[in-house]
Amino acid sequence: MFWPKPSLRDRHRPPLVIKALTPRLSSISSEMAAPHSIEPEYDLVFAGGGTAACVTASRLAKAFPNLSILVLESGPTTEGKKEHIQPGQFPVHLPPTSKTMTVTTSKPSKHVADREIEIRGGHCVGGGSSVNWMYYNRPSKSDFDDWVTQYGNEGWSSKELIPLLEKAETYECAPQPADSWLRRPVESLFLEVGPKVDKYRPLGTEGNDFTANSLNKYCNMPKWVSSNGRRSDVPHHYVYGKGLSNLHVKDGCLVNRVIVEDGVATGVEYLFDKRIYEGAPQDKHVVKARKLVVLGAGAMGNPLILERSGIGRKDILERAGIPLVCELPGVGANYQDHSVWVTPYIVDDSCESMNKLWRGDADTWAKAGEQWEKDGSGILGTSSLEIAIKLRPLDHEVADLGPEFQPVWDEFYANKPDKPLIWVCLMVGLPADQSAMPPLNFIITANSLNYPVSRGHQHIASADPYDKPDFQCGFISHPADLAAHRWGYKKSHEVTRRMACFRGALGPAHPAYPSGSAAAAQIAETGPAPIDAPDVTYSAADDEAIDACIRNSISTTFHSLGTCAMKPREKGGVVDNKLNVYGIKNLKVADVSIPPQNVHSNTYSLAVVIGEKAAVIIAEELGGSL
Ligand SMILES: Cc1cc2nc3c(=O)[nH]c(=O)nc-3n(C[C@H](O)[C@H](O)[C@H](O)COP(=O)(O)OP(=O)(O)OC[C@H]3O[C@@H](n4cnc5c(N)ncnc54)[C@H](O)[C@@H]3O)c2cc1C
């Protein structure tokens with residue numbers, strides 16, 4: 001969810017790297033010269049073997065046993081590896097040295113205090129589903145319906161997509177047993193204190209029901225973790241061991257470009273990824289696709305493959321020396337994420353947390369490992385993201401967000417009651433390098449903006465597939481986004497500072513208020529405020545301090561999307577409602593690069609539903625059904 005890099009003027013902060021956990025990464029053989037033998041031709045070829053691609057490919061492989069399907073994934077395989085199975089291990093994928101994640105660095109921008117923000121993405125079979133934080137959050141109905149009413153994508157309404165999402169769902173969200181480590185005291189405290197602090201926002205039971213009923217309630221949230229404590233990733237549930245002999249998933253295969261002949265995609269060019277298979281020869285190979293090429297390289301990968309194939313904005317291709325095949329200016333535009341402001345707090349030792357595990361404490365690892373082996377329970381069996389509130393300003397609160405936000409409210413939110421503005425979640429631990437910090441007990445609250453107005457882009461900088469792209473995340477470049485984060489922080493802080501376990505805000509990550517203000521006095525407190533204490537009052541100068549802190553700290557939820565938008569070509573679209581790339585036959589895109597507009601939820605569920613929908617579309621075109 002976050003992995004903030006200190007700003008240039010904030011170098012004193014510790015580098016946020018979980019060094020202690022790094023050695024646990026599995027090592028990947030560097031000796032194989034030709035890691036795979038790949039046939040010269042398949043019926044379908046997938047470029048990228050992430051979340052959505054694995055869903056689509058496996059559904060089709062099962063429904064059409066005579067169809068040969070190749071999936072080329074640039075990252076390593078995940079089969080049977082504990083770091084992809086044990087939920088509590090998710091932070092091991094985050095360090096900069098990780099081979100299971102890519103890091104894409106956004107160019108510095110004045111909106112984020114000239115910082116370079118790093119965005120991580122899954123880089124392994126299963127993509128994000130194999131490394132993410134497993135928080136299960138569903139979009140709202142209107143999120144899908146907007147794709148039809150605003151962008152003309154027939155077939156993508158909530159009525160059509162929700163059954164597909166439910167088909168994929170196997171998670172269990174029944175109440176947890178009393179002795180479960182899930183819903184620990186600190187989380188119960190948040191759920192208990194929240195409704196007392198804010199009389200308009202009660203305790204709820206279902207945070208995830210597609211409608212306005214989920215909003216403005218303090219709720220338990222489900223996770224992509226099964227009752228036996230296993231990560232619900234896509235490959236272990238759709239691909240590995242499923243007897244799909246016609247589905248060939250090859251790891252360490254980096255797709256360079258799509259081969260287009262006379263306007264038809266006929267295959268892809270790939271090479272063995274030297275980051276996975278060190279020393280592998282770097283010559284390029286071609287594999288033909290008899291029927292279809294499907295891009296599933298995600299919001300970060302697809303624009304790069306398309307542009308290297310000559311499909312994209314003319315000036316970008318010219319700059320990289322790539323001949324134009326199809327002019328499609330929308331490729332790589334429209335980049336979106338859910339920007340997040342993570343605020344750490346110190347809590348007392350009564351709060352059982354993940355901190356010792358994530359600091360690499362050997363004893364904690366040994367005990368947690370033993371317990372997990374026994375029955376999948378304990379801290380290795382959870383991702384520790386269990387509760388949330390989806391905040392939507394009430395009518396009397398909208399004015400508090402200020403004049404920059406009002407037009408956005410009027411245009412986007414006012415008539416869509418199922419759209420929250422910010423979701424706040426609490427994590428019982430600080431998933432970052434704590435080696436330079438005192439061994440205190442930390443929790444974090446994370447305030448994520450659901451529908452940022454700000455946009456970024458992802459483009460190639462050259463024709464070299466290993467080159468760093470020209471990436472701009474665009475965070476808080478629109479003032480309404482800043483206003484929304486400011487409001488969300490004030491709301492969640494009122495709850496956290498009243499929890500009995502509260503022992504202070506972790507200084508550098510919170511605003512540096514001007515001395516003498518009420519906010520400055522409050523932020524220095526080292527114990528809980530009474531439930532009936534007045535809310536903090538903020539002066540204009542305090543708000544400026546908050547804004548500065550947001551610019552200095554804002555980060556990513558790793559929910560990159562929208563860079564190959566499904567909308568009309570003349571409006572910057574890249575694919576039509578059947579996922580066909582405009583201007584090229586036999587080429588589709590199927591993953592979270594296609595949403596024309598954001599959804600409020602975390603994006604694993606979105607990737608799965610897009611994968612399911614893509615399978616339905618392709619099955620129909622193949623003359624069958626699922
Ligand atoms: C650290 C992290 C935490 C997250 N936490 C959550 C969470 O708690 N809950 C939630 O709902 N969502 C979460 N997400 C988001 C969610 O996992 C992703 O949005 C989703 O998995 C994206 O699916 P996708 O199919 O679009 O792309 P991906 O799953 O990213 O798949 C794209 C694949 O393509 C491969 N690829 C890229 N370029 C090439 C190329 N040229 N050749 C071959 N292969 C290529 C990549 O290696 C990758 O495996 C998280 C994501 C991350 C990274």
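Counting convention: from 1, in listed order, for ligands and their atoms alike.
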Member of Phe558, Phe90, Trp224, Trp423 meeting the ring-ring contact (aromatic ring centres under 6.0 Å, His included) criterion with Tyr135
Trp423
Taking every non-hydrogen atom, the tightest pair across Pro420 and Asn450:
O-OD1, 3.0 Å
So which heavy atom on Asp233 is nearest to which on Ser129, and how close?
CB-O, 3.3 Å
Counting from 1, what ligand 1 atoms have a heavy atom of Gly122 closer than 4.0 Å?
46 (C), 47 (O), 48 (C), 49 (O), 53 (C)
Look only at interatomic distance and state if Trp224 has a nitrogen or oxygen under 3.5 Å from any nitrogen or oxygen of ligand 1.
no
Flag Thr51 as yes when one of its N or O atoms lies below 3.5 Å from any N or O atom of ligand 1, and as no otherwise.
yes
Heavy-atom contacts under 4.0 Å between His123 and ligand 1: side chain, backbone, both, or neither?
both
Working for ring pair (Phe, Tyr, Trp, His ring centres under 6.0 Å), residues Tyr335 and His457:
CA-CA 5 Å; Tyr335 175 86; His457 65 249; 8.9 Å; no
Winner among Gly50, Gly611, Ser98, Gly128 once heavy atoms are compared against atom 30 (O) of ligand 1
Gly128
Going by heavy atoms, is Ser130 under 4.0 Å from ligand 1?
no
For ligand 1, is any non-hydrogen atom under 4.0 Å from Cys124's backbone (N, CA, C, O), its side chain (CB onward), both, or neither?
backbone
Indicate, as side chain, backbone, both or neither, the part of Met134 found under 4.0 angstrom from ligand 1 when only non-hydrogen atoms are considered.
backbone
Shortest heavy-atom approach to atom 26 (O) of ligand 1 - which of Leu254, Thr102, Val592:
Val592
Minimum non-hydrogen distance to atom 37 (C) of ligand 1, winning option of Pro595, Ser593, Ala297
Ala297
In ligand 1, the atoms that come under 4.0 Å of a heavy atom of Gly121 are 53 (C)
Is a side-chain donor-acceptor pair under 3.5 Å present for Thr382 with Ser384?
no
Residue pair His338, Asn602: steps toward the side-chain hydrogen bond (donor to acceptor under 3.5 Å, both in side chains) verdict
CA-CA 8 Å; His338 295 127; Asn602 306 51; over 6 Å; no
Side chain, backbone, both or neither: Leu72 near ligand 1, heavy atoms under 4.0 Å:
backbone
Region of Ser129 that comes within reach of ligand 1 [heavy atoms, distance under 4.0 Å]
backbone
Between Ala607 and ligand 1, find which residue part has any heavy-atom pair under 4.0 Å and reply side chain, backbone, both or neither.
side chain
Which pair of heavy atoms, one from Leu247 and one from Ala57, lies closest together, and at what distance?
CD1-CB, 3.8 Å
Atoms of ligand 1 less than 4.0 Å from Asn602 heavy atoms?
7 (C), 9 (N), 10 (C), 11 (O), 12 (N)
Are Asp273 and Arg275 close enough for a salt bridge, meaning some N to O gap below 4.0 Å?
yes
Ala52: numbered ligand 1 atoms lying under 4.0 Å from its heavy atoms:
25 (O)
Taking all atoms of both residues into account, what is the closest heavy-atom pair of Gln282 and Phe272, and its distance?
NE2-O, 2.9 Å
Does ligand 1 come near enough to Tyr604 that some N or O of the ligand is less than 3.5 Å from an N or O of the residue?
yes
Ligand-side contact atoms (ligand 1) for residue partner Thr603, heavy atom cut-off under 4.0 Å:
10 (C), 11 (O), 12 (N), 15 (C), 16 (C), 18 (C), 19 (O)
Which atoms of ligand 1 sit under 4.0 Å from any heavy atom of Gly296?
32 (C), 33 (C), 34 (O)
The answer for which part of Cys253 has a heavy atom under 4.0 Å from ligand 1 is backbone
Indicate whether the side chain of Thr343 and that of Thr445 have a donor and an acceptor atom separated by less than 3.5 Å.
yes
Would you mind telling me if ligand 1 is within reach of the side chain of Met101, the backbone, both or neither, using heavy atoms under 4.0 Å?
side chain
Atom of Ala47, atom of Val255 and distance for their closest heavy-atom approach
CB-CG2, 3.7 Å
Looking just at side-chain N and O atoms, do Tyr151 and Asn577 make a donor-acceptor pair shorter than 3.5 Å?
no
Check whether any N or O atom of Asp591, backbone or side chain, sits under 3.5 Å from an N or O atom of ligand 1, and answer yes or no.
no
State which residues pass side chain to side chain contact (heavy atoms under 4.5 Å, CB included) with Asn256; sequence neighbours excluded, sorted by chain then number.
Glu269, Leu271, Lys284, Arg308, Pro465
